[in-house]
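Below: one structure, written as structure tokens.
Values below: every heavy atom of this structure, side chains too, minus hydrogens, waters and symmetry copies.
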Amino acid sequence: MSGLIGKKLGMTSIFDANGKQIPCTVIEVGPCVVTQVKTSDKDGYSAVQLAYGEAKEKNSPAPLKGIVAKANTTPKSKFAEFKGFEQELALGQTITVDLFAVGEFVDVVGTSKGKGFQGVVKRHGFSGVGMQTHGQHNRLRAPGSIGASSDPSRVFKGMRMAGRTGGVRVKKTNLEILKVYAEKNLLVVKGSVPGHKGSIVLIEK
Amino acid sequence: MDAIKFVEQEFTQEKNFPAFRAGDTVNVHYKIREGNKERIQQYQGIVLQRRNAGLNETITVRKISNGIGVERIFPLYSLNIDKIELVGRGKVRRARLFYLRAAKGKKAKVKERRG
């Protein structure tokens, strides 16, 4: 999957040609610099490592400084690997949002918003105990039974329970590209993408 | 944030609305598509509020239809809004006139604003 690294800027809504209001997300995409070209001869697989976002030199560890120095560019804050670019890419080459065209469908990967410790209704979509009346008074959102009794005498591993929710990698697939602003490095996609405003996202084609 | 304003600006179509605010009476000409036919429906009432800004601004318009209060929310930059006419200006002391929903008799009236 070829793609680029970007930053979620926020959401708004626009009107399409039929006058329908469409929710959309504005993403700043690239420009990304090629910092490594991996080949199957040398690395066992072929891929391209891209870098996005400026970082302070003092905050960059030495190995990353070496990588960016080889690509003849400044220290970067986010690195990611992509495969399957159509054109041959050279070290130090810059890729911009031009990679995408209006009407194409992309996948967007990000880290979802952290929601803290949540119960099973929010976390796993349980429906709760079902009734609010008929004697139910304090277990409306309870998980119900978590297993049988003396056989097996334990709770099976992987039983869905309450716990930390959100803050995991999420991929939202098949988002239509509504607009590309090449001079401002902006991409407008239909619908929502994972994560907070300002969070790093990967846009895969 | 600037980038979002830029995108909204790019998608905004120029509309020549008269300057109006909450309390004013407006007549909204709304395009309605039935099959292939398009006709224009007029909806006249008092503006209860103007909400949001830029491309996503909406207005809430309230009128009394056959003795029943009716409220409609129009996205101001919707392509279906043909035009908005300012019918009368109202003298009100707040930006959101939700008190009109419960008001009866004289309290439900909005005085005319002059000048």
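When each of B:Gln13, B:Arg33, B:Lys31, B:Glu8 is checked for heavy-atom pairs under 4.5 Å with chain A, B:Glu8 comes out on top.
Residue B:Arg39 qualifies as enclosed at atom CZ: its count of foreign heavy atoms under 6.0 Å is above 12. Around NZ of A:Lys78, the count of heavy atoms belonging to other residues, nucleotides or ligands within 6.0 Å does not exceed 12. A:Lys65 NZ: more than 12 foreign heavy atoms inside a 6.0 Å radius. The number of heavy atoms from other shown groups lying within 6.0 Å of CZ (A:Arg169) does not exceed 12. The neighbour count for B:Arg96 CZ, taken as heavy atoms of other residues, nucleotides or ligands under 6.0 Å away, is above 12. Around NZ of A:Lys205, the count of heavy atoms belonging to other residues, nucleotides or ligands within 6.0 Å exceeds 12. Within a 6.0 Å radius of CD in A:Glu183, more than 12 heavy atoms belonging to other residues, nucleotides or ligands are found. For CG of A:Asn59, the number of neighbouring non-hydrogen atoms (other residues, nucleotides, ligands) closer than 6.0 Å is greater than 12.
Nearest heavy-atom pair across A:Phe15 and B:Pro75 is CZ-CB, 3.8 Å. In this structure, A:Tyr181 and B:Val7 approach most closely via the heavy-atom pair CE1-CG2, 4.0 Å. Closest of all the heavy-atom pairs between B:Leu79 and A:Ala17 is CD1-O, 4.0 Å. Across all non-hydrogen atoms, the minimal contact from B:Ala3 to A:Leu9 is CB-CD1, 3.5 Å.
Between the CZ atom in B:Phe11 and the OG atom in A:Ser13 there is a gap of 11.0 Å [rounded to 0.5 Å]. Rounding to the nearest 0.5 angstrom, the gap separating the CG atom in B:Asn56 from the CE atom in A:Met11 is 10.5 Å. Rounded to the nearest 0.5 Å, atoms CG (B:Asn80) and NZ (A:Lys20) are 12.0 Å apart. The distance from the NZ atom of A:Lys197 to the CD1 atom of B:Ile4 is 6.0 Å, given to the nearest 0.5 Å.
Within residues 80-87 of chain A, no residue has any heavy atom less than 4.5 Å from a heavy atom of chain B.
Using a 4.5 Å cut-off between heavy atoms, A:Lys179 contacts chain B through its side chain alone, with no backbone atom that close. Both the backbone and the side chain of A:Ile14 come within less than 4.5 Å of a heavy atom of chain B.
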